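Keep in mind that this is a model prediction, so the values were computed, not measured.
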Amino acid sequence: MSNIKKIFIDKKISKSELENKNNYFEIFKKKGFPNKKLEDWKFLDLNYEINNQIPNLNFVIKKSKINKNQILENIPINIKEFNYVLNINGFVEEINFSHEDKSFINIETNPDKKNKIISNALENLNLAFNLDYLCINIKQDYKVKKPLLILNVIIENIKSSNINKKFDIFLEKNAEISVLNLVQNNSKNNFFNLHQRFILNQSSILKNYFVDINKNQNLNYIKTDIEIEKNSISENVVISKNSDYCKNEIVCNLLDQFSSAFINGIIDLDNSQKHEIRTRINHLAENTKSYQLIKCVLNNQSKAVYQGKIYVDSKAQKTDGYQSSKAILLNENTEFNGKPELEIYADDVKCSHGSSSGNLDENKIFYLMTRGLNKNEAKKLLIDGYLMEVIDKITDERIKAIIKEIIKI
Amino acid sequence: MLEIRNLKATVEKKSILNGLNLHIKPGEVHALMGPNGSGKSTLSNILSGKKGYETSGDVFYENKNLFDLEIEERAHKGLFLAFQYPLEIPGVNNNNFLKTSLNAIRKARGEKELDAIEFLKIIKQKAKDLKFEEKNLNRQLNVGFSGGEKKKNEILQMSILQPKLSILDETDSGLDIDALKIVSDGVNSLRDESKSFLIITHYQRLLNYIKPDFVHVLKNGRIIKSGNSDLAVELENKGYEGIN
């Protein structure tokens with residue numbers, strides 16, 4: 001308890017909340033960072049990476065002096081054109097919904113949540129230390145006009161080596177929103193732990209995207225939980241490219257009829273980077289649909305992992321589940337691990353999965369070179385083309401343009 | 001333009017070309033005919049720089065040793081191969097690819113690269129000339145194209161890049177009669193005193209539309225007979241077996 005108290009000494013925080021935080025921290029301490037002995041972590045051992053990169057993990061809550069305008073100037077996007085939440089070093093600096101009718105959007109900070117027991121160690125860590133937990137509620141029938149950018153900036157020389165962020169978005173019946181999570185992490189050897197939860201009520205649409213803006217030597221863990229009610233659609237695209245270590249875990253619950261979940265991802269790595277996308281789609285009702293396409297490009301000792309599970313409950317007849325993961329290995333010293341899984345308890349379902357890996361086609365390189373491109377240009381064109389299939393799954397054209405600009409495709 | 005002297009080529013210890021000689025001057029159109037397995041495609045692959053062949057002999061292109069040039073340098077210097085089987089490149093927009101290709105060549109030649117608008121003007125006119133459907137410019141490169149569309153796309157690339165020496169590797173195979181005429185018109189419109197063509201084909205049919213200056217018969221990796229366009233007619237009547 002003394003630890004937590006000390007950390008939160010400057011924050012106005014109730015005694016009961018502090019107690020909650022302490023409980024979460026105790027659970028985390030007991031469990032520790034997940035390691036390869038756990039099935040879900042067997043390919044990329046976070047405990048090992050943390051010990052290696054951040055041996056003195058510490059959590060400091062003090063706000064540092066920042067120059068907000070300068071920070072915004074360094075972001076390659078004019079965020080004023082969009083709705084945005086600007087988080088700097090984990091603190092919410094600004095929330096802007098100037099493009100919207102605000103009577104349809106309700107925002108709450110640090111809501112008083114009941115103490116829940118959660119088994120995931122990193123979620124416990126997050127609940128113990130997260131700052132400015134946001135809950136955004138989009139009211140019935142409201143379609144948010146402009147995409148919401150959630151911009152997480154971490155400055156150079158930040159004292160804390162661990163930032164925990166948490167937010168929830170609730171879509172009421174027939175509501176719609178597009179969300180782009182951006183991380184610009186200018187520090188080094190920092191562990192960014194983000195948990196996001198989306199609740200989609202009937203006939204609502206969520207488009208949710210993630211991308212790291214800059215190349216950085218940090219570790220990311222992004223956990224996404226999505227609850228999907230009747231007739232609702234959740235579209236997710238993860239671009240996993242720029243940090244040293246990144247694990248995206250996405251859990252979708254298809255709760256009622258005609259709900260659907262789309263998860264598409266790119267893992268594009270170089271120089272010993274290690275990234276993973278792990279998904280779990282739970283088909284829990286009849287006539288639900290899921291689609292997943294993950295494409296990886298691996299260069300120079302990098303390693304990618306895709307673990308994807310489709311679970312079909314005995315009630316979930318007429319499920320349509322599709323999953324495919326592909327990898328291009330540019331060198332012999334790269335590694336791709338695919339673990340596709342189907343667990344099906346209903347008998348009238350359509351589910352398929354596939355995984356493949358290989359090299360770039362030499363004949364295609366030759367073809368492009370005969371048209372005047374040098375070898376590197378030919379390879380880049382082929383790789384960009386290969387990844388375009390995933391980029392084209394981004395149906396929000398405004399966000400697609402931002403992502404294409406960031407990843408230079 | 002191109003001078004091939006005693007070119008021999010083997011692949012995996014199997015000899016394919018056995019001392020081939022060929023001299024193409026600026027402005028000339030040469031047709032190379034021969035049965036399956038005579039070495040026609042091997043020759044076009046070697047000329048455009050494909051790896052995997054062991055070669056001996058000399059090939060001079062514009063008086064320089066062709067083997068000293070990388071694949072893309074050959075393209076920069078005006079050598080073009082229209083593929084027998086053009087490859088499908090998923091995710092790459094046809095238009096962007098053509099622009100990238102043209103600008104790579106212009107850059108290598110020290111010419112100004114074209115912006116999107118300048119390029120569009122050119123490509124639209126060329127596509128119209130070749131009756132190449134404009135919607136195919138915005139499709140992925142060759143993906144899902146019919147055989148004829150792929151071949152037309154090769155000729156479109158050729159007419160954009162304006163090569164000095166074009167090698168057409170069985171461009172006529174898989175073309176219906178209308179497409180054959182369009183492709184031939186495309187080639188004929190490029191003909192002038194500085195541009196040369198090597199047309200590789202099985203059939204005389206194409207040569208009704210593109211009148212060659214010389215016809216060569218390739219058999220067992222060697223040119224066994226050369227002549228004018230009458231030789232193609234003779235071949236059509238007698239078959240390759242009848243030529244000695």
Side-chain angles (χ1 to χ4, degrees), chain A residues 237 239 241 264-268 293-298 324-328 330 354 356-395 397 400-401 403-405 407-409, chain B residues 44-53 69-94 96-109 111 113 139-143 150 153-154 156-158 160-163 166-167 169:
Chain A
V237 179
I239 312 291
K241 184 179 167 76
N264 299 291
I266 285 175
I267 301 183
D268 180 4
L293 172 67
I294 308 294
K295 284 192 153 185
C296 308
V297 177
L298 305 174
S324 166
S325 59
K326 295 175 183 173
I328 288 181
L330 296 171
S356 64
S357 58
N359 306 323
L360 280 180
D361 184 339
E362 286 295 330
N363 288 323
K364 287 180 182 166
I365 295 174
F366 173 65
Y367 182 59
L368 297 177
M369 288 176 77
T370 64
R371 300 308 185 244
L373 280 69
N374 67 35
K375 195 159 196 168
N376 285 336
E377 290 166 339
K379 280 182 173 178
K380 176 156 183 357
L381 199 65
L382 287 176
I383 291 168
D384 285 356
Y386 169 80
L387 297 178
M388 264 321 274
E389 190 185 357
V390 176
I391 299 295
D392 282 337
K393 303 283 182 201
I394 301 173
T395 60
E397 293 295 330
K400 186 174 173 177
I403 288 179
K404 282 174 81 172
E405 179 62 31
I407 65 170
K408 302 270 181 286
I409 199 167
Chain B
S44 60
N45 282 340
I46 288 172
L47 293 178
S48 49
K50 192 164 190 184
K51 305 275 182 290
Y53 299 95
L69 300 174
E70 294 294 332
I71 303 166
E72 73 274 20
E73 289 173 325
R74 298 179 196 200
H76 299 160
K77 292 190 186 304
L79 189 76
F80 181 87
L81 169 65
F83 277 57
Q84 183 179 1
Y85 303 109
L87 284 100
E88 298 190 3
I89 314 283
V92 175
N93 176 281
N94 199 15
N96 289 347
F97 161 69
L98 282 165
K99 182 166 157 272
T100 308
S101 167
L102 179 62
N103 277 336
I105 289 175
R106 289 181 70 95
K107 196 177 157 193
R109 290 179 183 162
E111 295 167 16
E113 291 181 47
R139 286 170 66 181
Q140 298 174 44
L141 177 52
N142 291 332
V143 177
K150 282 182 185 169
N153 204 17
E154 295 289 286
L156 178 67
Q157 291 171 23
M158 187 176 84
I160 295 279
L161 301 179
Q162 296 272 325
S166 303
I167 303 164
D169 189 2

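Here the closest non-hydrogen pair linking B:Leu161 and A:Arg371 is CD1-CD, 4.3 Å. A pairwise comparison of heavy atoms in B:Ala75 and A:Gly372 identifies CB-N, 3.5 Å as the closest pair. Contact between A:Lys364 and B:Pro90 at its shortest, heavy atoms only, is NZ-CD, 4.0 Å.
Using a 30° and 60° split on the angle between ring planes, A:Tyr367 and B:Phe97 fall in the parallel class, below 30°.
Atom NZ of B:Lys77 has 12 or fewer heavy atoms from other residues, nucleotides or ligands within 6.0 Å. Within 6.0 Å of OH in B:Tyr85 there are 12 or fewer heavy atoms belonging to other residues, nucleotides or ligands.
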Could you go through A:Glu362 and B:Lys50, starting from their C-alpha distance and side-chain angles, then the distance that decides it, and tell me whether this counts as salt bridge (charged side-chain N to carboxylate O under 4.0 Å, His left out)?
CA-CA 10 Å; A:Glu362 286 295 330; B:Lys50 192 164 190 184; over 6 Å; no
Apply side chain to side chain contact (heavy atoms under 4.5 Å, CB included) to residues A:Lys375 and B:Ile71 and explain how you reach the verdict.
CA-CA 9 Å; A:Lys375 195 159 196 168; B:Ile71 303 166; over 6 Å; no
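Contacts between B:Glu88 and chain A at a heavy-atom distance below 4.5 Å involve the backbone alone (N, CA, C, O). Contact of B:Leu98 with chain A is not made at all, since no heavy-atom distance falls under 4.5 Å.
A:Leu368 CG to B:Ile89 CD1: the interatomic distance, rounded to the nearest 0.5 Å, is 4.5 Å. Put simply, CG on B:Leu87 and CZ on A:Phe366 are 9.5 Å apart, with the number rounded to the nearest 0.5 Å. Here the OG1-CD1 distance, from A:Thr370 to B:Ile167, works out to 10.0 Å after rounding to the nearest 0.5 Å.
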Please output the side-chain donor-acceptor pairs of residues 382-394 of chain A that fall under 3.5 Å, not counting sequence neighbours, one pair per line with the distance.
from     : atom 1 : to       : atom 2 : distance (Å)
A:Asp384 : OD1    : A:Lys380 : NZ     : 3.4
A:Asp384 : OD2    : A:Lys380 : NZ     : 2.5
A:Tyr386 : OH     : A:Cys296 : O      : 3.4
A:Tyr386 : OH     : A:Lys326 : O      : 3.2
A:Tyr386 : OH     : A:Ala327 : N      : 3.4
A:Glu389 : OE1    : A:Lys295 : NZ     : 2.6
A:Asp392 : OD1    : A:Lys400 : NZ     : 3.0
A:Lys393 : NZ     : A:Tyr291 : OH     : 3.3

